[in-house]
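Working notes, beginning with the structure itself.
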There are 2 protein chains.
Amino acid sequence: MQRVSLTELAKQLNLSPSTVSRALADHSEVSEATKARVRKLAQELNYQPNQLAAALRRGRSNTLGVLVPHITGHFFPQVVHGIATEASKAGFTVMICQSNEDAAQEKKNIELLRHNQVEGIMVSLANTTQDISHFEELRQQGVPLVFFDRVVEDFRGANVSAVVLDDHAGAYQVVQHLIEQGCRRIAHFSGPLHMSIHKNRHQGYRDALRDHGLPLDEQLIVFCEQSQAGGTEAMQRLLRELPAPPDAVFASNDLAAVGAMRVIKAAGLRVPQDVAVAGFSNETFTTLTEPNLTSVDQGCETMGISAVRLLQQMLHHTAEHRQPQPRNVVLKPQLLVRESSLRKPRK
Amino acid sequence: MQRVSLTELAKQLNLSPSTVSRALADHSEVSEATKARVRKLAQELNYQPNQLAAALRRGRSNTLGVLVPHITGHFFPQVVHGIATEASKAGFTVMICQSNEDAAQEKKNIELLRHNQVEGIMVSLANTTQDISHFEELRQQGVPLVFFDRVVEDFRGANVSAVVLDDHAGAYQVVQHLIEQGCRRIAHFSGPLHMSIHKNRHQGYRDALRDHGLPLDEQLIVFCEQSQAGGTEAMQRLLRELPAPPDAVFASNDLAAVGAMRVIKAAGLRVPQDVAVAGFSNETFTTLTEPNLTSVDQGCETMGISAVRLLQQMLHHTAEHRQPQPRNVVLKPQLLVRESSLRKPRK
DNA sequence: TTGAAAGCGCTAACAC
DNA sequence: GTGTTAGCGCTTTCAA
């Protein structure tokens, strides 16, 4: 079986290519009879339209670009899933690239996406990215751009939107909840503050303590790698160095929380009765730990959906030659209380 | 700044488009001087080649299609990562689609990929797929096809390769290991046997018992949902119905194993001393459970890499008008022994 | 070493 | 309703 082109269909039907094109696009100006004939033959010959040609001719590819640090792990696959689903609904296909957390690859991928004529790009930054000239260039050339999660701070302008999570609010909720559970000496395991997620979670912690009239004890704040090993080490240090253990731990991510929990249990203390524990991100394994881990759900899919919608808005505006209205969306995370922090019966 | 085309470059340089095209492609027939001039202006005007046009003209898109059931979870993101990385090395871009486990979407996505002129497709089947006519069609039309993980059984022919995991060998290794640890009454939590992964793991279990002279006790085989809840229920049933608990549990996936482990511990039994536990897939959380869970690593990335290589082979053959040589690759999984099954000191 | 010309497959303005 | 024509941006013979 040979590949059949639209022109080929036209010949066999004694029609012009334009009519066939219109028939296949279900234009109203084509007679029903003709449409039927065209469709029938297209079906018979298994005609497959060539999107590349169509896109070239139209000057619109119907493709959106996605650039993420990686497509493994918990967070990004979920976001990408949201993006892919929402884009598909809107009739777009997506082209997905990974930077592997490498600024150089990020730059290359941006070019790749452009060369493939994507109509807009959704990006979450590689954590090594310092130089943002490649994004500046996109902005200047009017390529609609949406940053999500890891955004370029203070990078505003026409054609650049962003969707981020309110990490501060998430952390605040967690700490508030711990206080409500009767905890008074709440430790915090933080990641490096140059990463905005950790900075904001850290600030949420401080603000929640302040707003509830609790003193801030710097000894209770530990900067550690946000991994299980990091959490383990941090917790060991606290138990060793403090006169009495804290009555709660809020870790900036779930892995560190798990590490802490293990150490607490190994020390003969009970979770949550002696030490309540909470993490952040609502990883899959939070319902597999013992006890199940209280965490903050980030609504990953929602973030993907938002990103696509923001991009679509900009595309519409661009198409209508109106000034695009960049928007910044801040998503509210959701506290999920599980056994690891629940000391009082649920209301 | 305007979008610049190759033709535009040519005009500004007083060259023909063909020369510019050759210069950019670094053809040897173009003088170095000309190449330099072209590159300089291309740089200055920030020329971005239009892949769509190039692909259309060449008849080669340089794009590979990927179709997976979903891009969330543990397994598929890893495989896709392998695919994307390997494809990128070979100078291909990938287009990733999800079927969401839905046969109809799968069919649609196949069309989408074709319309986008992918040069070949890598597929892992949706679990609802019964009718495989859309793949049969691809095969007949000579679109190179590689199935991975979830393959169409007995679907062989030119232009169709496959890469699967040797689930039987993986299960066999697990059970052999449990036997070596002194276990004699090894229970098996299986998924539905119409899924080849579960069927093969189940058979591996039986064969390992047989080869080591252990009797097969049908009472020790439980069919249950391969989830934490499923494992929980299955384990509860065993403890309730058997005169004595088994001395090991091999679950067809890690979640079910976690469910079992919890029930065992709740019943006051120790893991692994009283009951050893092992799962399958080496999910991320296997190092987070208490004790850490013995499992089988599937080498997900390797699978992705293999898929791309198989596809490339077929593309080469096709390009050289040779009969493509479809190949079937079977990857060997790796047993990872952790605390949940380790009764004896490591050798 | 360079240029002219043709055309990949499709769509859309403009005719009739 | 349908056809004619032109051209999206690029590559690739073929000729000079």
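Computed from a predicted structure; not experimentally measured. Letters A, B, ... mirror the listed sequences (proteins, then strands); counts begin at 1.
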Distance, rounded to the nearest Å, where [X] contributes [atom1] and [N] contributes [atom2]:
X	N	atom1	atom2	answer
His27(B)	dT12(D)	NE2	P	7 Å
Arg3(B)	dC10(D)	CZ	C1'	16 Å
Leu13(A)	dG3(D)	CG	P	10 Å

>> Please enumerate all residues that pass ring pair (Phe, Tyr, Trp, His ring centres under 6.0 Å) together with His70(B), with sequence neighbours excluded.
In response: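 For His70(B) the ring pair (Phe, Tyr, Trp, His ring centres under 6.0 Å) partners, ignoring immediate neighbours, are Phe76(B).
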
>> Check this one for me: any side-chain N or O of Thr19(A) less than 4.0 Å away from OP1 or OP2 of dT2(D)?
In response: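 For dT2(D), neither OP1 nor OP2 has a side-chain N or O of Thr19(A) closer than 4.0 Å.
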
Listed by chain and number, what are the side chain to side chain donor-acceptor pair (under 3.5 Å) partners of [X], not counting sequence neighbours?
X	value
Arg57(B)	none
Ser18(A)	Ser16(A)
Ser133(A)	Asp131(A)
Gln12(A)	Glu8(A)

> If you walk 5' to 3' along DNA chain C, what is the first nucleotide with an atom under 4.0 Å of a heavy atom in chain A, and what is the last?
Replying inline: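 First-to-last contact on DNA chain C, by the 4.0 Å heavy-atom rule, is dG9(C) to dA13(C).
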
Give me, pair by pair, the N or O atoms of the protein and of nucleotides 14-16 of chain D that are less than 3.5 Å apart, along with how far apart they are.
none

>> Assuming nearest nucleotide by heavy-atom distance, tell me which of Glu8(A) and Val20(B) is located more 5' along DNA chain C.
In response: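 The answer here is Val20(B).
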
Grab the N/O contacts between the protein and nucleotides 5-9 of chain D below 3.5 Å, and write none if there aren't any.
residue	atom	partner	partner atom	Å
dG7(D)	N2	Arg57(A)	NH1	3.3
dC8(D)	O2	Arg57(A)	N	3.3
dG9(D)	N2	Ala53(B)	O	3.3

Residues in salt bridge (Lys or Arg N to Asp or Glu O under 4.0 Å) contact with [X], at least two apart in sequence or another chain:
X	result
Arg58(B)	none
Glu136(A)	Arg139(A)
Glu301(A)	none

>> Quick check on side-chain contact (heavy atoms from CB on, under 4.5 Å): which of Ser124(B), Cys300(B), Ser196(B) does Asp149(B) satisfy it with?
In response: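 Passing option: Ser124(B).
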
> Tell me, which pairs form a salt bridge (charged side-chain N to carboxylate O under 4.0 Å, His left out) where one or both residues lie in residues 92-118 of chain A, sequence neighbours left out?
Replying inline: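 Applying salt bridge (charged side-chain N to carboxylate O under 4.0 Å, His left out) to every pair that reaches into residues 92-118 of chain A, excluding sequence neighbours, yields Glu101(A)-Arg150(A).
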
> Are the side chain of Gln48(B) and the backbone N or O of His115(A) linked by a donor-acceptor pair below 3.5 Å?
Replying inline: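 Not confirmed, Gln48(B) side chain does not pair with His115(A) backbone.
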
